[in-house]
J.: 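Structure provided below as structure tokens; questions to follow.
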Amino acid sequence: MTESVQSFNNDFSRVFSEIRQDFKGYLQYIGGLGYGGVALSEESLRILNDWGKEAMAETLDMIRKDLGTCRRCKLHKGRKHIVFGAGNPRANLVLVGEAPGYEEDLKGQPFVGQAGQLLTRILRAIGLTREDVYICNIIKCRPPGNRNPEADEISTCIPFLRRQLRAIKPRLICALGTIAAQTLLGTNTPISRLRGHFHTYEGIHLLPTYHPAFLLRNPSKKADVWKDMQKLQEAYEKA
Ligand code: URA
Ligand code: URA
């Protein structure tokens with residue numbers, strides 16, 4: 001990209017976010033800057049509009065920066081690291097767990113303990129690596145003693161996950177366990193009834209399944225998760 005095109009792009013992104021409410025105003029503005037004589041068909045208007053939206057879209061880096069050294073809820077007191085999420089920022093599949101555990105809190109990475117190792121094997125069984133997908137949690141800081149997240153902690157933290165999902169725009173979400181499935185779907189229906197069926201989260205297909213930590217305690221449920229993973233793989237290959 002030449003410097004002038006790059007510089008036009010930079011100007012465009014900045015200008016667009018300043019006047020995003022008024023596309024006509026933008027056209028007048030660039031007219032005033034001397035970018036005259038541009039024939040704008042419906043099609044080019046649409047392309048410019050999409051381009052503008054992309055220029056305005058939040059990136060994961062912007063969201064991470066906004067989170068900062070978060071003290072928005074009481075969980076910051078006991079945590080060692082915030083666990084933001086990891087993997088491919090353009091993943092077609094995002095896996096959402098509950099909250100960091102002991103190992104995750106130490107390392108600042110999601111699903112790196114025993115349950116995480118099982119999750120890695122489950123992914124491999126459907127032909128995926130951790131680098132193919134994005135992995136994150138409903139809650140970004142470890143609850144003391146791994147207790148369940150409390151309602152105020154979820155409501156404080158969830159806007160960041162929602163923004164992450166809007167930034168990644170995956171085709172599929174897999175919700176791991178009760179907390180992830182019920183929170184994202186806004187329901188109290190038990191995981192045993194939610195799992196195995198596709199639901200919708202902001203227009204994205206969402207499949208709940210059991211949490212890998214639950215599988216470690218209840219190995220007989222692996223058969224159910226295997227069925228769910230075959231559904232997920234089929235949908236992934238079509239996505
Ligand atoms: N359990 C979770 O829900 N998330 C993690 O990151 C680790 C264990
Ligand atoms: N309870 C949970 O929290 N998760 C499961 O996957 C199953 C039961």
Side-chain angles (χ1 to χ4, degrees), residues 50 54 57-60 63 83-101 104 109-139 154 158 160-239:
D50 287 351
E54 201 149 291
E58 268 199 318
T59 64
L60 289 175
I63 300 164
V83 179
F84 183 69
N88 180 354
R90 305 178 76 90
N92 275 334
L93 169 62
V94 174
L95 295 114
V96 182
E98 178 176 321
E104 291 78 20
Q109 295 294 321
F111 281 99
V112 288
Q114 250 199 317
Q117 288 162 28
L118 176 55
L119 181 62
T120 304
R121 293 201 297 278
I122 291 172
L123 286 170
R124 203 182 301 139
I126 56 168
L128 294 172
T129 67
R130 291 174 65 110
E131 291 71 39
D132 291 325
V133 301
Y134 191 85
I135 304 179
C136 51
N137 287 299
I138 296 289
I139 290 281
I154 295 179
I158 196 76
F160 290 92
L161 175 64
R162 295 192 191 285
R163 287 161 62 186
Q164 283 170 284
L165 291 169
R166 281 187 213 121
I168 300 168
K169 296 194 229 67
R171 300 294 182 94
L172 296 168
I173 297 170
C174 181
L176 302 168
T178 300
I179 299 284
Q182 292 187 345
T183 303
L184 291 175
L185 296 174
T187 176
N188 291 322
T189 306
I191 184 72
S192 56
R193 284 186 41 214
L194 293 172
R195 63 149 283 272
H197 307 281
F198 278 99
H199 305 256
T200 304
Y201 170 84
E202 291 193 5
I204 304 165
H205 299 299
L206 183 150
L207 182 73
T209 194
Y210 291 125
H211 193 289
F214 174 77
L215 287 187
L216 291 171
R217 299 189 302 269
N218 302 272
S220 68
K221 300 292 183 184
K222 284 185 182 176
D224 284 338
V225 172
W226 179 236
K227 278 187 229 158
D228 299 346
M229 291 306 101
Q230 291 188 302
K231 280 193 186 171
L232 190 65
Q233 183 177 24
E234 192 186 333
Y236 186 87
E237 283 165 7
K238 282 194 224 146

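All values below come from the heavy atoms of this structure, side chains included, with hydrogens, waters and symmetry mates left out. These figures come from a predicted structure and were not determined experimentally.
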J.: Using every non-hydrogen atom in the two residues, find where Gln164 and Phe84 come nearest and quote the distance to one decimal.
T.: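 Heavy-atom minimum between the residues: NE2-O, 3.0 Å.
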J.: Using modelled atom types and a 3.5 Å cut-off, is there a donor and acceptor pairing between side-chain atoms of Lys227 and backbone atoms of Gly196?
T.: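 Such a contact is absent between Lys227 side chain and Gly196 backbone.
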J.: Once rounded to the nearest 0.5 Å, what's the spacing between atom CD1 of Ile138 and atom OG1 of Thr178?
T.: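 So the CD1 of Ile138 and the OG1 of Thr178 are separated by 11.5 Å.
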J.: Using modelled atom types and a 3.5 Å cut-off, is there a donor and acceptor pairing between side-chain atoms of Gln182 and backbone atoms of Asn188?
T.: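 Looks like yes, one N/O pair under 3.5 Å.
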J.: Flag the pair Arg124 / Leu128 as yes when at least one side-chain heavy-atom distance between them is below 4.5 Å, and no otherwise.
T.: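 Result no, sub-4.5 Å side-chain heavy-atom pair not found.
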J.: How long is the gap from CD1 on Ile126 to CG on Leu93, to the nearest 0.5 Å?
T.: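 Going from the CD1 atom of Ile126 to the CG atom of Leu93 covers 6.5 Å.
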J.: In Å, rounded to the nearest 0.5 Å, how long is the span from CD1 of Ile173 to CG of Leu95?
T.: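 Spacing of CD1 (Ile173) from CG (Leu95) equals 10.0 Å.
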J.: Do Ile168 and Arg90 make a side-chain contact, defined as non-hydrogen atoms from C-beta onward lying under 4.5 Å apart?
T.: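 No. Closest side-chain heavy atoms not under 4.5 Å.
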J.: Where is the tightest heavy-atom contact between Pro170 and Ile204, given as atom of each residue plus distance?
T.: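 For Pro170 versus Ile204, the nearest heavy atoms are O-CG2, 3.5 Å.
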J.: Quick one: pull up OG1 in Thr209 and CZ in Phe214 and give me the separation to the nearest 0.5 Å.
T.: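 It comes to 10.0 Å.
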J.: Quick check on side-chain hydrogen bond (donor to acceptor under 3.5 Å, both in side chains): which of Gln233, His197, Arg195 does Asp228 satisfy it with?
T.: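 Answer after filtering Gln233, His197, Arg195: Arg195.
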J.: Using modelled atom types only, decide if a donor and an acceptor are shared between the side chain of Glu104 and the backbone of Gly113 within a distance under 3.5 Å.
T.: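 Such a contact is found between Glu104 side chain and Gly113 backbone.
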J.: Quick one: do Leu184 and Leu161 satisfy side chain to side chain contact (heavy atoms under 4.5 Å, CB included)? Show the steps, please.
T.: CA-CA 10 Å; Leu184 291 175; Leu161 175 64; 4.0 Å; yes
J.: Given the rule in the side chain to side chain contact (heavy atoms under 4.5 Å, CB included) test, do Tyr236 and Arg171 qualify, once you have shown the distances and angles that lead to the verdict?
T.: CA-CA 8 Å; Tyr236 186 87; Arg171 300 294 182 94; over 6 Å; no
J.: In this structure, which one of Lys169, Arg163, Arg166 forms a salt bridge (charged side-chain N to carboxylate O under 4.0 Å, His left out) with Glu202?
T.: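 It is Arg166, the one option of Lys169, Arg163, Arg166 that forms the salt bridge (charged side-chain N to carboxylate O under 4.0 Å, His left out) with Glu202.
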J.: What is the distance from atom NZ of Lys222 to atom OH of Tyr210, rounded to the nearest 0.5 Å?
T.: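 Those atoms lie 14.5 Å apart.
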J.: Kindly check if the number of other-residue, nucleotide or ligand heavy atoms within 6.0 Å of CD (Glu58) is above 12?
T.: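 Count over threshold, so yes.
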J.: Roughly how far, to the nearest 0.5 Å, is the OG1 atom of Thr189 from the NE2 atom of His199?
T.: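 Between atom NE2 of His199 and atom OG1 of Thr189 there are 8.0 Å.
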J.: Quick check: do Val94 and Val133 have side-chain heavy atoms less than 4.5 Å from each other?
T.: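 Not touching, per the 4.5 Å side-chain cut-off.
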J.: Please step through side chain to side chain contact (heavy atoms under 4.5 Å, CB included) for the pair Leu206 and Leu185, ending with a clear verdict.
T.: CA-CA 9 Å; Leu206 183 150; Leu185 296 174; 4.0 Å; yes
J.: With ring centroids as reference points, do His211 and Phe111 lie under 6.0 angstrom apart?
T.: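 Between Phe111 and His211, which both carry aromatic rings, the centre distance is below 6.0 Å.
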J.: Do Leu176 and Cys174 make a side-chain contact, defined as non-hydrogen atoms from C-beta onward lying under 4.5 Å apart?
T.: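 Side-chain contact under 4.5 Å: yes.
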J.: How close do Gly97 and Ala180 get, counting heavy atoms only, and between which atoms?
T.: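 Distance-wise, the nearest heavy atoms are O-CB, 3.7 Å.
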J.: What are the two closest non-hydrogen atoms of Ala125 and Trp226, and how far apart are they?
T.: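 Closest approach of Ala125 to Trp226, heavy atoms only: CB-CZ3, 3.8 Å.
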J.: Checking Asn88 against Glu131 for the side chain to side chain contact (heavy atoms under 4.5 Å, CB included) test, could you report, in this order, the C-alpha distance in whole Å, the side-chain angles of both residues, the deciding distance, and whether it holds?
T.: CA-CA 6 Å; Asn88 180 354; Glu131 291 71 39; over 6 Å; no
J.: Hey, is the main chain of Ile139 close enough, under 3.5 Å, to the side chain of Asn137 for a donor-acceptor pair?
T.: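 A pair under 3.5 Å: no.
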J.: Heavy atoms only: give me the nearest Leu119-Pro212 pair and the separation to one decimal.
T.: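 Closest heavy-atom pair between Leu119 and Pro212: CB-CG, 4.2 Å.
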J.: Answer yes or no: is there a donor N or O on one side and an acceptor on the other, between the side chain of Asp132 and the main chain of Thr129, under 3.5 Å?
T.: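 Yes.
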J.: Considering non-hydrogen atoms only, spot the tightest contact between Ala86 and Gln109 and give its length.
T.: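 Shortest heavy-atom separation between Ala86 and Gln109 comes out as CB-OE1, 3.4 Å.
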